[in-house]
Amino acid sequence: MTSWLYLIASILLEVSGTTCMKLSEGFTRLWPSVFVAVFYLLSLGGLTLALKQIDISLAYAIWAGIGTALIALIGIVCFQEPASPLKFISLVLVILGVVGLHLSDAQR
């Protein structure tokens, strides 16, 4: 159970780092730039701890897939990026892919 908490925290830290990357305006703003490094280092540390008990194929797929979906939603909501039906369908497919990997892992 602890590994799953590390993975969830790692995803949230990665999303925070990516959001700060946008806010850093090409690393021209100091504090968002500093937070990019801090959040990414903490995220990778959390992912490393999660890998103690979760298979790497599953953990990384969840980390990347959920992180991608969250960043896309943040882009739409916070940065007024365009939202299209194809974008939402694609996000659903990413999430379904992660769920499929998890289900295939449970069938072992």
Side-chain angles (χ1 to χ4, degrees):
M1 182 62 178
T2 304
S3 291
W4 288 101
L5 294 176
Y6 283 131
L7 184 58
I8 291 167
S10 180
I11 292 166
L12 296 175
L13 288 162
E14 187 269 335
V15 167
S16 299
T18 304
T19 303
C20 285
M21 196 179 297
K22 173 73 172 172
L23 296 172
S24 77
E25 297 177 7
F27 294 116
T28 60
R29 296 182 60 218
L30 176 63
W31 290 112
S33 300
V34 169
F35 284 127
V36 169
V38 170
F39 286 141
Y40 268 99
L41 286 172
L42 291 171
S43 176
L44 292 174
L47 181 59
T48 301
L49 293 172
L51 292 176
K52 286 184 169 185
Q53 294 182 345
I54 304 172
D55 291 343
I56 191 169
S57 60
L58 179 61
Y60 190 77
I62 292 171
W63 184 79
I66 301 300
T68 299
L70 288 174
I71 283 298
L73 292 174
I74 288 170
I76 292 166
V77 173
C78 297
F79 298 110
Q80 291 75 49
E81 293 178 0
S84 67
L86 181 57
K87 186 177 274 191
F88 284 112
I89 290 168
S90 299
L91 289 173
V92 169
L93 290 173
V94 168
I95 292 168
L96 288 175
V98 169
V99 170
L101 280 171
H102 184 64
L103 292 175
S104 71
D105 193 50
Q107 293 180 354
R108 290 196 271 157

Subject >> K22 atom NZ, neighbour heavy-atom count above 12 within 6.0 Å >> reply: no
**OP:** Give, for atom CD1 of I76 and atom CD1 of I71, the distance between the pair rounded to the nearest 0.5 Å.
**Re:** 11.5 Å
**OP:** Report yes or no: do L70 and I62 belong to one cluster of Ile/Leu/Val/Met/Phe/Trp/Tyr joined by side chain heavy-atom distances under 4.5 Å?
**Re:** yes
Subject >> M1 versus Q53, closest heavy-atom pair with distance >> reply: N-OE1, 4.4 Å
**OP:** Taking all heavy atoms of A61 and all of L101, pick out the closest pair and write down the distance.
**Re:** CB-CD1, 3.2 Å
Original post:
What is the minimum heavy-atom distance between I54 and L7, and which atoms define it?
Top reply: CD1-CD2, 4.2 Å
Original post:
Around Y60, counting heavy atoms of other residues, nucleotides and ligands shown, do more than 12 lie under 6.0 Å from its OH?
Top reply: no
Subject >> Side chain to side chain, T19 and F79, heavy atoms closer than 4.5 Å >> reply: yes
**OP:** Would you name the heavy atoms of V98 and G65 that are closest together and state the gap between them?
**Re:** CG2-CA, 4.0 Å
**OP:** Report yes or no: do L12 and L49 belong to one cluster of Ile/Leu/Val/Met/Phe/Trp/Tyr joined by side chain heavy-atom distances under 4.5 Å?
**Re:** no
Original post:
What residues, two or more places apart in sequence or in another chain, satisfy side-chain contact (heavy atoms from CB on, under 4.5 Å) together with S33?
Top reply: S24, F27
**OP:** Measure across S10 and W63 and return the closest heavy-atom pair with its distance rounded to 0.1 Å.
**Re:** OG-NE1, 3.1 Å
Original post:
Closest heavy-atom contact between L91 and T68?
Top reply: CD2-O, 4.4 Å
**OP:** Determine whether L93 and I66 fall in the same hydrophobic cluster, where Ile, Leu, Val, Met, Phe, Trp and Tyr are linked whenever their side-chain heavy atoms lie under 4.5 Å apart.
**Re:** no
**OP:** Without swapping roles, check the side chain of K52 against the backbone of S3 for a donor-acceptor pair under 3.5 Å.
**Re:** no
Subject >> Residue pair T18, E14: steps toward the side-chain hydrogen bond (donor to acceptor under 3.5 Å, both in side chains) verdict >> reply: CA-CA 6 Å; T18 304; E14 187 269 335; 3.1 Å; yes
**OP:** Report yes or no: do V94 and L73 belong to one cluster of Ile/Leu/Val/Met/Phe/Trp/Tyr joined by side chain heavy-atom distances under 4.5 Å?
**Re:** no
**OP:** Determine the interplanar angle of the F35 and F39 rings, folded into 0 to 90°, and report it as parallel if under 30°, tilted if 30 to 60°, perpendicular if over 60°.
**Re:** parallel
Subject >> Same apolar cluster: L13 and V34, side chain cutoff 4.5 Å >> reply: yes
Subject >> CD1/I56: more than 12 non-hydrogen atoms of other groups inside 6.0 Å >> reply: no
